[in-house]
Amino acid sequence: MDATRLPGTARPDQVVAHVDIDCFYAACERRRDPSLSGEPLVVGMGYEGGETHGAVATASYEAREYGVESAMAISEALERLPRRADADDEVDTGIYRPVDMDYYESVAAEIKEILHAESDTVREVSIDEAYLDITEAVGWDGAASWASDLRATIESEVGVVASVGVAPTMSAAKVASDREKPDGLVVVEPGEVRDFFADLPVDEVHGVGPVTARQLGELGVETAGDLADADPEALEGRFGERGREIRRYARGEDTREVTPRGDPKSLSRESAFTEAVEEAEAKQQKVTTLARAVADRAGRKGARYQTVGIKVVEPPFDVNTRARSLPGPVADADLVESIALDLLGEFTERPVRKLGVRVSNLDFSAGEQVSLGGFESGAGADAAAETDADEATTDAGEPTADGQASLTAFDGESSAGDTDSAAPDDDADDIEGQASLGDFLG
Ligand code: DCP
Ligand code: MG
């Protein structure tokens, strides 16, 4: 018998990872102000320094110890955890900060960039959360060490901590990532799903809210295991068709597949050095490899691209992006490589810890018939090298699906001298929205 063949999975052998950042907004605040690490920290929506209005967006785990939680009024949070007035007043006090969405979106974009490099099938569901189908890219044998490496990569390259769950279904992966938060990694192998769910409180089952949980409690159903074993007809009698549905979830049955939302707006590959590198040749080699990989990926997805960009991260998290647009869409690996190397020229002498290559302004219209077409002959490397980044060619103003605003943003963070890049946040994908770009292009 094939042990991995579960009745309730979308397809046999499916491996799903769910990634969710720990206390995300607070983690972002800590990244730019490391003195906040280890402190009770509350991030307030509609909160201003010194005031009492607004609601808690998130709280660090230290602040959660005091009973502060998401969606609580700031006034109530302040009763549980008074605001720290000065450095001497440390005991049982917390630090309060207002939300800064632009910054959090930029950090999220860096994380999503890493996730998209791990699998072609990524479904982003919120600013700090995504599902990855890693069936092909990793498989069950490598899943645990892959997840552990991914967590290490996110921590070292982005400076925030992710909890990860790996399981044969989306719902089990989601519960798994939550299970050992913060700093958690839980792998639920095929065949273990029922046992994994068995002891969970019933309100952790997908679709069971507090009211249903109370009603189930009255029937003696306390855990997901109880629900899994309950008589389906009795459940249906009490809750209608939904009764059967929550029973299926409690049994770990979930036939959903991870489906990416829409066509990506860009494709990229990134890679970090183990430590910052100054040597030009090593940087060029990496960019060449990444350029080839990105062009290959675009080819497999049937995408042509009109813009080629690079990302260069200088220590510690100083992200620079540069891009150049072509007169029309192409599919040409040599061109990606030559433009990327040219853009890298500016960084030849500088220490670099991470490099990325991205193609954007994608065109999927050619379908299977991706060909180099007319542009290639007219816009070979030389012609392209003369083409300035053209802000009019970016996809500014294109609607982005909910929760996807950060999907493909490459320019996670504006670095010194690049201050314009973070401004048009409604177009997080606009890697060329940088006044400084034109200064060195062409
Ligand atoms: N958020 C919010 N209001 C809520 C819940 C969340 O503004 N009611 C924001 C702040 C969170 C972010 O969304 O940082 C991500 O939500 P999560 O539910 O993943 O919560 P956290 O990442 O903060 O904490 P956890 O460690 O539980 O994932
Ligand atoms: Mg989170």
Side-chain angles (χ1 to χ4, degrees), residues 17-33 36-48 53-77 80-81 94-112 114-115 122-132 147 150-151 153-155 158-167 170-186 200-201 203-204 206 209-210 401-407 409 412 425 428:
H18 181 258
V19 178
D20 188 308
I21 308 304
D22 297 337
C23 58
F24 181 57
Y25 293 3
C28 293
E29 293 296 339
R30 285 172 166 172
R31 162 173 134 160
R32 63 176 168 190
D33 181 358
L36 297 172
S37 83
E39 298 286 355
L41 172 64
V42 179
V43 180
M45 184 94 68
Y47 168 79
E48 287 161 46
H53 52 245
V56 175
T58 196
S60 71
Y61 282 79
E62 293 81 356
R64 293 180 198 192
E65 299 272 301
Y66 293 87
V68 177
E69 43 185 61
S70 289
M72 179 178 276
I74 290 286
S75 53
E76 187 177 347
R80 299 178 184 213
L81 179 69
I95 297 163
Y96 286 70
R97 289 278 159 96
V99 298
D100 177 353
M101 285 314 296
D102 285 354
Y103 184 62
Y104 309 153
E105 292 280 3
S106 77
V107 177
E110 290 180 42
I111 297 161
K112 305 286 165 77
I114 291 174
L115 300 183
V122 178
R123 184 179 187 90
E124 301 183 20
V125 289
S126 79
I127 189 168
D128 80 329
E129 181 187 0
Y131 293 92
L132 284 73
L150 175 68
R151 296 182 64 247
T153 301
I154 292 173
E155 187 163 5
V158 187
V160 301
V161 176
S163 288
V164 176
V166 180
M170 289 176 73
S171 53
K174 164 120 177 142
V175 176
S177 77
D178 224 26
R179 208 57 203 141
E180 286 181 10
K181 247 181 188 300
D183 204 11
L185 169 56
V186 173
L200 296 180
D203 64 359
E204 289 194 25
H206 186 63
D402 232 0
Q404 273 202 313
S406 60
L407 209 166
D425 195 60

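Counting starts at 1 for both ligands and their atoms, following the listed order. Values below: all heavy atoms of this structure, side chains included; hydrogens, waters and symmetry mates excluded.
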Can [X] and [Y] be counted as an ion pair, charged N to O under 4.0 angstrom?
X: Asp183; Y: Arg151; answer: yes
X: Arg179; Y: Glu204; answer: yes
X: Arg97; Y: Glu39; answer: no

Please answer whether the main-chain N or O of [Y] pairs with a side-chain N or O of [X] as donor and acceptor at a distance below 3.5 Å.
X: Tyr104; Y: Ile127; answer: no
X: Arg123; Y: Tyr131; answer: no
X: Lys181; Y: Asp20; answer: yes

Check: If you leave out waters, which protein N, O or S atoms are less than 2.8 Å from the Mg ion (ligand 2)?
Finding: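 Asp20 OD1, Ile21 O, Asp128 OD2, with waters left out.
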
Next item on the list: Please identify each residue that fulfils side chain to side chain donor-acceptor pair (under 3.5 Å) with Ser163, with sequence neighbours left out.
Entry: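 Result, side chain to side chain donor-acceptor pair (under 3.5 Å) vs Ser163: Asp22.
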
Notebook entry, point to check: Quick one: do the Arg64 and Ser70 side chains pair a donor with an acceptor below 3.5 Å?
Noted result: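 No, no side-chain donor-acceptor contact under 3.5 Å.
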
Check: Mind checking what residues have non-hydrogen atoms under 4.0 angstrom from ligand 1?
Finding: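 Residues Asp20, Ile21, Asp22, Cys23, Phe24, Tyr25, Met45, Ala57, Thr58, Tyr61, Arg64, Ser70, Asp128, Lys181 each place a heavy atom under 4.0 Å from ligand 1, listed by chain and number.
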
Item checked: Partner set under ring-ring contact (aromatic ring centres under 6.0 Å, His included) for Tyr66, not counting sequence neighbours ->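 For Tyr66, no residue satisfies ring-ring contact (aromatic ring centres under 6.0 Å, His included) once neighbours in sequence are set aside.
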
